[in-house]
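Please read the structure below before turning to the comments.
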Amino acid sequence: MMGNTHSLLDGLNPQQMQAVCLASGNMLILAGAGSGKTRVLTTRIAWLLATNQARPHNILTVTFTNKAAKEIDARISAMVEVGTQAMWAGTFHGLCHRLLRIHFKEANLPKSFQILDSTDQLSVIRRLLKTQQLSEELLAPRQVQYFINRHKEAGKRSTFLSADKPQDQQLIPLFQLYDEYCQQQGLVDFAELLLRSHEMMQSNPLLVAHYQQRFLHILVDEFQDTNRLQYQWLKHFVGKESALFAVGDDDQSIYGFRGAEPSNMALLLKDYDITEPIRLEQNYRSVGNVLKAANAVIKKNTDRLDKALWTQDIDGEPLNLLEAATDKTEVAFIVKEVSRLDKAGILLDNIAVLYRSNAQSRLFEQALFDRGIAYRIYGGLRFFERQEIKHAIAYLRLIVNPEDNDALLRVINVPTRGIGLRTIEGLIDHAKQFNTSLWGALKLNHELPVKLANFVALIENMRALTEPMALSEMIRLVVARSGLKAMYEQNLKDHTERLENLEELMNAAVNFESDGDQIPLISFLNNAALESGEYQAQHGQRALQLMTVHAAKGLEFDTVFVSGLEEGLFPHENSLTNAKETQEERRLMYVAMTRAKRQLYLTCAKQRVLHGRFNYPMRSRFIDDIPSQLTKVLSDDYANFGTTLRHTMVTKKHLKTMPNDLPYQIGQTVMHQKFGLGVITDAEKMGETFRLTVNFAASGTKWLDTAYAKLQIFDESMKH
DNA sequence: CCGATCTTTATTTTT
DNA sequence: TAAAGATCGG
C-alpha cells in the first residue's frame, strides 16, 4: 500500500514541504490565493496515509462546500492506494448531520428528524408569526430568521439572551417558540445542526473521548470562513493526541453574512499556542498582470493582515476591460469571445464566467443555448429548492412520517383538490384542540368531508403501494398518483422544465438505492436539504463553467470573465451602507480575479434590466482601482449586436416616455458641478424643459430640471 | 367556500 | 421577474 512518498512531495517549495510534513501539533497555514493551499492539504493527507502515520479512519477533513469535499476526496484517491471510505470528509453541516444521525438519542432528537432548509425555515417562521397574531409588517419574517440564525451561529440559545434592545423583547420569545416547535416536529435547521451537535459533545465526555481517540488528524480548509460556533465545535475534536491543521486566507473571507469570523485565525494561534504560522506567499496560479491587478484591488481594504503575494510567472497579457451598452450586449460579447477562445483551442472547462448574483445567469443561459455552446451552471436555483421538487419531496415525507405538518400543509391542496383555506384553518384549530398533529386530527374525525377523506386515502394508498418499491420507482408512483405530473402536464407554460426536473429527481434517487447503512428514502430525504444538487445533466462533457463568485472560491481557470461589474450589483447595493460589508465585497472581487490563471476579462453594462426594470448603473469602483497600464479597453462592437440592441431599446415603455427632442440620452454619463459624476436614468418633459433623473455616484439619485442644472456630457476618453 | 385572476412586493452571497 | 397576497366571480 505504500505509494512512492518521494513522488508525492515532488515539486513542493520549502514552505509547502514544511506544512505537508509537519511532525505533530497544531498548525495554521496562512495561504494566499493560488499558493497551493488545496494541494498542501491533500498532499498532507496522502503523505500521512502513505507513511502509515494515520489510517483513513483517523482523518477528519472539513470543507465549506460539497464541491470542495468531493474534490479533496478525488485528489487523495488519485495519490494513494488505500480506500478512503473510512475517512470523514465533508462540510461542517454534512459532518454534523452525520453525527446527529448516529447519536440522535444523545442529541435528544427523534430518529427520523428532518432538515429544514432556509426556505422551509422562513415558512415555519411565517406561520409562527401568524399564530402569535403578529403582523408581518411589524416584524419581518426575514428579520426573525436572521435573528435566530445569527444567535445560533454565535452558539447562543434564546434562554441565554437578554433583551437589551426593545425589539429583542419580541424576538427572544419568538426564537424560543420557534425552537420548541422544531423540537416537537423533529425539525433541524442549518444552524441547529451545528449547535445541536456542539451541545451534544459538550455534555457528553464519552463521545468526546471517543472521537478524540479516533480522529488523530483534523484538517480544515478555508478556515477564515468559520463562525464562532464552528470554532467551538472543532475544539471538541482536538485532543491531546490529535493535531489540528487549518488552512486559510483572510483576504478570501467572503462569508461574513453567515457569521464567519476571520478573527478565528488569530484566536487559533492563541488557543493552540502556535507561535509562528506557516506562510505560503508564492502564487503559482496567475500571471503577473492578473496578480498585480488583484493586489491593487485588495490593497484598499484596511482590515487585513498584509501579505506579500508574488509570482515568478511572466506578466502575461493585459486584463481585458469592456463597458458594454447593455446587459444583453455584455453577454453577447462574452459568448462570442468564449466561442473564439474555444476555436483557438482553450478547453471550455477551463473558461469560467463569474457573476455576483445567481439571477445574472439567465441571460447567459439563453445566449449560450442559442449559440449551441455547452455550459454548466453551478448552484443557481438549487435543484432541491424548486417548487416541483419540494412538492414531490413533501409527499415522500408524508409517507415516511404523516405527522409532518409542514409537508402536509404544502401538498394538501397541491394539485388543487377542493381543500381551501377555510378547511385548512378548521383543521389546524381541530389539531390544536386535541393537541395532535394535523394528520392526527384527520384520523380523529370519523365524519371527514369527502375531500379530506380522499386525501387521507391517497396518502395511505401510496404508502401501501410503495412499500416494496425501490426508491426511484417509488418516486415515479408518487409523482403520478399525487396528481403532480398531471398538474404540470396541463400547465403548458413551464411544463417541460418542471417535468424534466421530476424525472431528474428519480435519476438522483437511484444513487441512494444501494446505501447500505440506512433506509434509502430516509437518507435521500436528508441529503435533499444539504446537497445543492449537482444533478444537472452534461456530466463529464466539456462545458463552459458558469457560477457565482462565491461558488468559484477554491477553483481556478485559464480564462475568467467577471461580469456585471457595476455599482449596486458588484459591489452589491445592500452592502454599500456598511463599511464592513463593502470590504467583504472587495474581498469577493479579489477572489473573483485570482481565479484566473492566464486571462482575465472584466465587463460591465451601462444599461441593465433588474427586477424587470431598466437600470443605468455606474461602473464598479473595483474597475477603477486597477492601474490602467494593466488593462486594455475593448469595445462591444455595436454593429454586431445591432439586433439585440434595437430589441432592448425599442420597448413600448421607452417609446412612450422618452421625449425625442431630449438633448441627452438615457444611460449617458454626465458631470454636475456639485454632485459630480452620475448617470441619467430617466427623463420627463416638463413644459419647455425636461426633468432628468440622475443617479450620482457620490450622492445618489437626484431630480434635475434642464432649465437650471448645468450638466456636462462626460466624455468616455477622459477616463483613460 | 373555492379557485382563478389581478395586484403587490421584494429581491445577495451558502449550508 | 416571480412568487405570495388580495380580490372577485361562481
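Residue numbers start from 1 in every chain, and the chains themselves are labelled A, B, ... in the order their sequence lines are given, proteins ahead of strands.
Comment: A:Arg619 does not engage A:Glu567 in a salt bridge, judged by the lack of any side-chain N to carboxylate O separation of less than 4.0 angstrom. We find that A:Lys152 and A:Asp189 are joined by a salt bridge, their nearest charged nitrogen and carboxylate oxygen being less than 4.0 Å apart. Of the charged side-chain nitrogens involved, none lies within less than 4.0 Å of a carboxylate oxygen, so that A:Glu153 and A:Arg228 do not count as a salt-bridged pair. In this structure, A:Arg157 pairs ionically with A:Glu192, as a charged nitrogen and a carboxylate oxygen lie closer than 4.0 Å. With salt bridges taken as basic N to acidic carboxylate O contacts below 4.0 Å, none links A:Arg397 and A:Asp406.
Applying the side-chain hydrogen bond (donor to acceptor under 3.5 Å, both in side chains) definition to pairs two or more places apart or across chains, those involving residues 408-432 of chain A are A:His391-A:Arg410, A:Tyr395-A:Arg417.
Between A:Glu584 and A:Arg417, the residue anchored closer to the 5' end of DNA chain B is A:Arg417, taking for each the nucleotide with the nearest heavy atom. Positionally, the nearest nucleotide of DNA chain B for A:Arg422 lies more toward the 5' end than for the other of A:Arg422 and A:Ser118.
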Give me, pair by pair, the N or O atoms of the protein and of nucleotides 8-10 of chain C that are less than 3.5 Å apart, along with how far apart they are.
none

Which atom pairs link the protein and nucleotides 8-11 of chain B when you take only N or O atoms and keep those under 3.5 Å?
unit_1 : atom_1 : unit_2   : atom_2 : d
B:dT11 : OP2    : A:Arg142 : NE     : 2.7
B:dT11 : O2     : A:His611 : ND1    : 3.3
B:dT11 : N3     : A:His611 : ND1    : 3.2

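A:Phe257 does not qualify as a stacking partner of the B:dT14 base, lacking a centre-to-centre distance under 5.5 Å together with planes within 30°.
For A:His550, whose side chain is taken as the heavy atoms from C-beta onward, the closest listed nucleotide among B:dT14, B:dG3, C:dT1 is B:dT14. Closest to the A:Thr423 side chain, of the nucleotides C:dG5, B:dC2, B:dT14, is B:dC2. Of the candidate nucleotides B:dT15, B:dT14, C:dT1, C:dT1 has the atom lying nearest to any side-chain atom of A:Arg362. Among the nucleotides B:dT15, B:dT12, B:dT14, the one closest to any side-chain atom of A:Ser357 is B:dT12.
In this model, the phosphate group of B:dT12 is not approached by any side-chain N or O of A:Asn358 to a distance below 4.0 Å at OP1 or OP2. The side chain of A:Asn149 places no N or O atom within less than 4.0 Å of a non-bridging phosphate oxygen (OP1 or OP2) of B:dT14.
When the C1' atom of B:dT14 is taken as reference, atom CZ of A:Phe190 falls 8 Å away, rounded to whole Å. To the nearest angstrom, P of B:dT15 lies 11 Å from NZ of A:Lys70. The CD atom of A:Glu573 sits 13 Å away from the P atom of B:dT13 (whole-angstrom rounding). Rounded to whole Å, atom C1' of B:dT15 lies 12 Å from atom CG of A:Asp225. Here the P atom of nucleotide B:dC1 and the CD atom of A:Glu425 are 9 Å apart, to the nearest Å. In this structure, CD of A:Gln145 is placed 12 Å from C1' of B:dT14, rounded to the nearest angstrom. Rounded to an integer number of Å, the gap from A:Ile115 CD1 to B:dT14 P is 18 Å. Look at OH on A:Tyr255: it is 12 Å from C1' on B:dT12, rounded to the nearest Å.
Residues satisfying the side-chain hydrogen bond (donor to acceptor under 3.5 Å, both in side chains) criterion with A:Thr226, sequence neighbours excluded, are A:Asn264. For A:Asp221, the salt bridge (Lys or Arg N to Asp or Glu O under 4.0 Å) partners at least two apart in sequence or on another chain are A:Lys37. Applying the side chain to side chain contact (heavy atoms under 4.5 Å, CB included) criterion to A:Thr119, with sequence neighbours excluded, gives A:Asp117, A:Glu385, A:Lys390.
Counting any heavy atom pair closer than 4.0 Å across all strands shown, A:Phe92 reaches no nucleic acid atom.
Between the side chain of A:Arg356 and the base of B:dT13, a donor-acceptor pair under 3.5 Å is found.
Residues A:Ser620 and A:Pro571 come closest through the heavy atom pair OG-CD, 3.5 Å.
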